[in-house]
2 protein chains.
Amino acid sequence: MPSERTMQTSVAAKPIVASAPRPPRAAVTGRSAWADALRMMGATIAYSRNEEVYGEDEPAEFVYLVTSGAIRTYKLLSDGRRQIAAFRLPGDIFGLEAGETHAFTAEAIADSSVIVVRRSAVLAHAARDGAVARDMWAETARDLGRAQDLLLLLGRKSAQERVATFLLEMADRATYGGAIELPMSRQDIADYLGLTIETVSRTLSQMEHAATIALPSCRRIELRNRPLLSRLNS
Amino acid sequence: MPSERTMQTSVAAKPIVASAPRPPRAAVTGRSAWADALRMMGATIAYSRNEEVYGEDEPAEFVYLVTSGAIRTYKLLSDGRRQIAAFRLPGDIFGLEAGETHAFTAEAIADSSVIVVRRSAVLAHAARDGAVARDMWAETARDLGRAQDLLLLLGRKSAQERVATFLLEMADRATYGGAIELPMSRQDIADYLGLTIETVSRTLSQMEHAATIALPSCRRIELRNRPLLSRLNS
DNA sequence: CGATCGCTTGATTCCGATCAACAGGAGTGG
DNA sequence: CCACTCCTGTTGATCGGAATCAAGCGATCG
């Protein structure tokens with residue numbers, strides 16, 4: 001049960017930050033033409049920890065590109081059970097919808113900066129330039145691919161396997177100085193992996209005892225036996 | 001553990017069927033301009049029960065439109081655990097990838113007919129016509145939306161809730177004469193819902209005893225208390 | 001008609017959830 | 001500065017829902 005659900009939504013009212021803090025990784029360099037285009041077109045907005053970027057079923061007015069921090073996108077059941085569909089880290093795009101409304105809620109995990117572009121402007125751009133349209137499609141397809149990998153994890157993997165997969169994913173996305181730097185809490189990890197906070201904690205402790213990982217602090221993880229984790233990843 | 005994994009793949013070698021059997025539902029009428037375009041451009045191919053349409057990681061050469069029968073798309077873990085990502089029924093499009101290879105395996109659940117179009121032809125068409133490009137994107141986004149709903153189901157719902165969600169989904173997609181006509185086996189349902197075959201069977205039996213549903217035969221289900229199912233669907 | 005396959009049902013097990021206690025920081029205010 | 005609370009994470013004990021193991025049943029098919 002996530003109990004922090006009362007933050008303002010106002011995008012328009014947010015202060016525009018002139019110089020966004022540099023992302024810690026190489027994500028600043030454009031991965032695609034249209035991500036660069038977003039950087040050119042957009043204004044930077046800062047969100048503080050646990051602040052909502054947009055809510056499920058709200059009109060999809062903007063597209064977002066993370067420049068620093070981390071965002072979670074999730075769905076809720078009526079009784080508060082939560083499933084996080086994705087963590088968006090610097091360089092990631094989110095909020096791009098084919099429909100008129102957002103399919104899930106987006107919240108800042110930590111203090112974050114994002115570049116915001118009007119959806120209508122992006123769509124107009126895509127209509128004019130076929131390459132942009134294709135990039136947009138490719139982005140959505142990548143999201144779909146990640147969602148499908150997560151389906152396999154949630155439907156068929158054990159707790160150990162889930163955590164192993166998560167660690168390998170984060171090692172690719174958020175390594176800094178040889179260790180994974182987690183921006184998210186145990187609760188976020190649990191809601192991403194379809195587990196409870198206790199199971200995540202226990203599994204990490206077991207892996208530490210087995211010397212598969214090291215836990216210098218609870219937000220910092222070093223992989224000590226990557227082959228073993230890869231095997232668990234199947 | 002699915003034990004039927006040895007079927008030929010050859011698309012090129014398949015016999016072209018002149019007149020595809022009529023789909024049982026209204027799916028023949030075009031839902032989108034580009035689905036109609038696929039119908040114009042493509043050749044019809046028949047697949048028999050359990051035959052593979054394409055395998056994971058194979059080059060994505062074709063795009064498919066189901067005209068009769070049903071297709072499952074899934075991923076496997078190395079030890080055979082299976083997660084079905086989607087059931088494709090008449091009117092559905094599948095196999096459209098942004099990358100060069102297929103992200104999962106597609107197999108016929110029952111004897112099926114599909115219209116096949118070269119991916120390159122579809123992409124060329126999209127490059128020429130912005131509306132087609134947009135339809136392609138919308139199709140991928142719809143898939144993504146369905147995948148995200150499934151994430152919530154697999155990550156956070158109980159067995160009862162999963163089955164209820166499945167029944168409501170199938171009621172929308174495969175109702176015929178007031179009852180759901182299931183094209184797939186219990187094993188397929190289990191691998192879609194992240195459960196075992198026994199749990200699916202038991203849950204359906206419980207629902208029958210509670211008069212929530214009726215089971216005239218094991219492939220035929222009538223919903224007797226839809227509000228209750230909707231409540232379970234959250 | 002026997003054999004196989006798909007489904008159901010029962011008995012038991014086990015993994016992860018739940019309940020509960022506690023520890024270590026971070027932030028707050030005196 | 002310290003006492004206080006709040007918050008996050010860890011660990012232990014117990015529980016429970018779904019998995020697993022095991023028959024048995026009915027339909028289809030050679």
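Everything quoted here is computed from the prediction, not taken from an experiment. The sequence lines fix the lettering, A, B, ..., with proteins before strands; numbering per chain opens at 1.
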At under 4.0 Å, does any side-chain N or O of [X] touch on OP1 or OP2 of [N]?
{"X": "B:R49", "N": "C:dG6", "result": "yes"}
{"X": "B:T199", "N": "D:dA18", "result": "no"}
{"X": "B:R186", "N": "C:dT8", "result": "yes"}
{"X": "B:R202", "N": "C:dG10", "result": "no"}

Nearest whole angstrom, please: distance from the [atom2] of [N] to the [atom1] of [X].
{"X": "B:R220", "N": "C:dG6", "atom1": "CZ", "atom2": "C1'", "value": "19 Å"}
{"X": "B:D188", "N": "C:dC7", "atom1": "CG", "atom2": "C1'", "value": "13 Å"}
{"X": "A:E198", "N": "D:dT8", "atom1": "CD", "atom2": "C1'", "value": "12 Å"}
{"X": "A:L215", "N": "D:dG9", "atom1": "CG", "atom2": "P", "value": "12 Å"}
{"X": "A:I197", "N": "D:dT11", "atom1": "CD1", "atom2": "P", "value": "13 Å"}
{"X": "A:Q187", "N": "D:dT8", "atom1": "CD", "atom2": "C1'", "value": "10 Å"}
{"X": "B:R219", "N": "C:dT8", "atom1": "CZ", "atom2": "C1'", "value": "15 Å"}
{"X": "A:Q206", "N": "C:dG16", "atom1": "CD", "atom2": "P", "value": "9 Å"}

Describe the nucleic acid contact of [X] in one word from base, sugar-phosphate, nothing, applying a heavy-atom distance below 4.0 Å.
{"X": "A:T196", "result": "base"}
{"X": "B:R162", "result": "nothing"}
{"X": "B:L195", "result": "sugar-phosphate"}

B:R146 with B:D149: basic N within carboxylate O range, under 4.0 Å: no
Residue met sooner reading DNA chain D from 5', once A:R156 and A:S205 are mapped to nucleotides: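 Looking at DNA chain D, the more 5' nearest nucleotide goes with A:S205.
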Sub-4.5 Å side-chain heavy-atom contact between B:I45 and B:I115: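 No. Closest side-chain heavy atoms not under 4.5 Å.
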A:F104 and A:Y74 aromatic centres sub-6.0 Å: no
Ring centroid separation B:Y54 to B:Y64 under 6.0 Å: yes
Any donor-acceptor N or O pair under 3.5 Å, side chains B:T165, B:N233: yes
